[in-house]
Amino acid sequence: MASQNIDPMLPTMQNKEKKVNATRRKDGHSVTMRLQRELMNVMMSGSTEVSAFPEGDNIFKWIGTVKGPKGTVYEGLSFKLTLEFPADYPFSAPTIKFKTPCFHPNVDEQGNICLDILKEKWSAIHSVSSILVSLQSLLGEPNNDSPLNPLAADTWNNQAKFKELVHEFLKKNSKNKSS
Amino acid sequence: MHMRPDEGEGSGGPMNADEAEVRQRRPMDEEGASAEPDGATGTSTQQDGHFECNICLDTAKDAVVSRCGHLFCWPCLYQWLETRPNRQTCPVCKAGISKDNVIPLYGRGSSNQQDPREKLPPRPQGERPEPETHGPFHNFGLGDGGFQMSFGIGAFPFGFFASTFNIGNGQFGGHPPRPNVPQNPEEQFLSKVFLWVAVLFMFWLLMA
């Protein structure tokens with residue numbers, strides 16, 4: 001009786017998810033392969049602006065670095081990020097967070113990022129390097145319409161003040177994290 | 001030589017890279033023409049890249065190409081389409097894409113000329129219905145325990161949602177309904193009944 005009030009579509013959705021899960025389990029190997037290829041691409045690209053490397057032995061967890069874009073308030077800074085890949089990568093987006101405190105309209109205090117390509121606009125062709133490049137341009141061109149950090153969004157127009165706050169935020173939160 | 005890889009419309013790669021590849025290939029005939037113009041040496045490592053699946057980044061196996069010209073392994077594309085049945089778009093260019101409008105590619109000498117699309121999924125997998133009912137009910141953000149809601153106001157949007165969903169079922173992403181999915185007519189009926197009870201209840205509330 002408990003199920004009578006449930007959308008009849010639901011069993012279909014659950015089964016579908018189950019099925020996809022079953023496929024996922026089978027090709028855990030291909031996820032590793034893809035991540036290894038990406039690692040190779042990142043290392044071969046020789047980019048000095050962005051870099052990434054697996055953290056320890058686990059290829060599903062990477063540490064990335066993005067340099068503050070030139071000509072922006074972030075110039076001269078370098079941001080560390082954590083990238084966690086789901087078991088069905090690249091069919092789902094990785095979870096990416098700023099490890100270095102980042103005062104930015106689309107980044108909250110915990111380092112969570114609001115970026116469409118990491119959410120609903122995710123596509124399987126995005127890669128670690130393309131994401132990091134996107135994040136770098138997000139630094140210089142925030143989307144102030146849907147801020148995670150309202151103070152940052154409000155201050156963005158006053159770039160001198162914004163720069164001060166960026167450094168203040170970095171100092172304050174680095175102390176808190178004692179890193 | 002009429003099988004140049006860059007022939008055909010809408011290949012996603014940059015044009016000069018394709019040209020470089022053709023240039024790369026020619027020296028095989030003209031032995032030892034090693035003085036290549038700039039960029040050709042760089043492409044030697046990327047040369048295979050033109051035939052890599054856009055999803056797994058490996059050489060495409062059971063290759064299919066979309067109408068927009070993008071190459072995938074069929075298993076990869078199948079899984080991509082399967083993860084988002086409501087929004088079937090090309091991962092590269094977001095053009096509309098479906099199982100029926102991708103073209104399988106057969107290379108020379110491949111022993112198996114079977115349409116890759118018929119190979120996967122190898123066969124339908126067994127489906128077992130869930131014993132309990134916490135499902136992802138994103139639209140309302142209610143999470144699990146949806147049915148524990150008090151009847152009345154709670155049932156109204158719920159029932160409404162369920163019944164509208166049933167109506168829209170036919171045009172759901174162009175997927176034919178799976179034969180062994182429990183599309184319980186009883187449940188549909190009950191949800192409609194609850195919708196009407198809820199409507200009446202709301203009406204009564206308004207009148208009182």
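This one's a predicted model, so the numbers in the text were calculated from it and none came from an experiment. Convention: sequence-line order gives letters A, B, ...; per-chain numbering from 1.
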### Message
Could you work out, with side-chain contact (heavy atoms from CB on, under 4.5 Å) as the rule, every residue matching Thr155(A), not counting sequence neighbours?
### Response
Leu151(A), Lys161(A), Phe162(A), Leu165(A)
### Message
Using ring centroids (six-membered ring only for Trp), state whether Phe85(A) and Phe60(A) fall under 6.0 Å.
### Response
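Aromatic pair excluded; centres sit 6.0 Å or further apart.
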### Message
Using modelled atom types and a 3.5 Å cut-off, is there a donor and acceptor pairing between side-chain atoms of Tyr89(A) and backbone atoms of Glu84(A)?
### Response
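Between the backbone of Glu84(A) and the side chain of Tyr89(A) there is no qualifying donor-acceptor contact (under 3.5 Å).
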### Query
Is there a donor-acceptor pair closer than 3.5 Å between any side-chain N or O of Arg84(B) and the backbone N or O of Phe91(A)?
yes
#### Entry: Evaluation steps, ring-ring contact (aromatic ring centres under 6.0 Å, His included), between Phe79(A) and Tyr74(A)
CA-CA 9 Å; Phe79(A) 294 92; Tyr74(A) 301 101; 5.7 Å; yes
### Message
Which residues in residues 123-139 of chain A have any heavy atom closer than 4.5 Å to a heavy atom of chain B?
### Response
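The stretch touches chain B at Ser123(A), Ala124(A), Ile125(A).
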#### Entry: Interatomic distance, Asp58(B) atom CG to Gln36(A) atom CD [nearest 0.5 angstrom]
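So the CG of Asp58(B) and the CD of Gln36(A) are separated by 11.0 Å.
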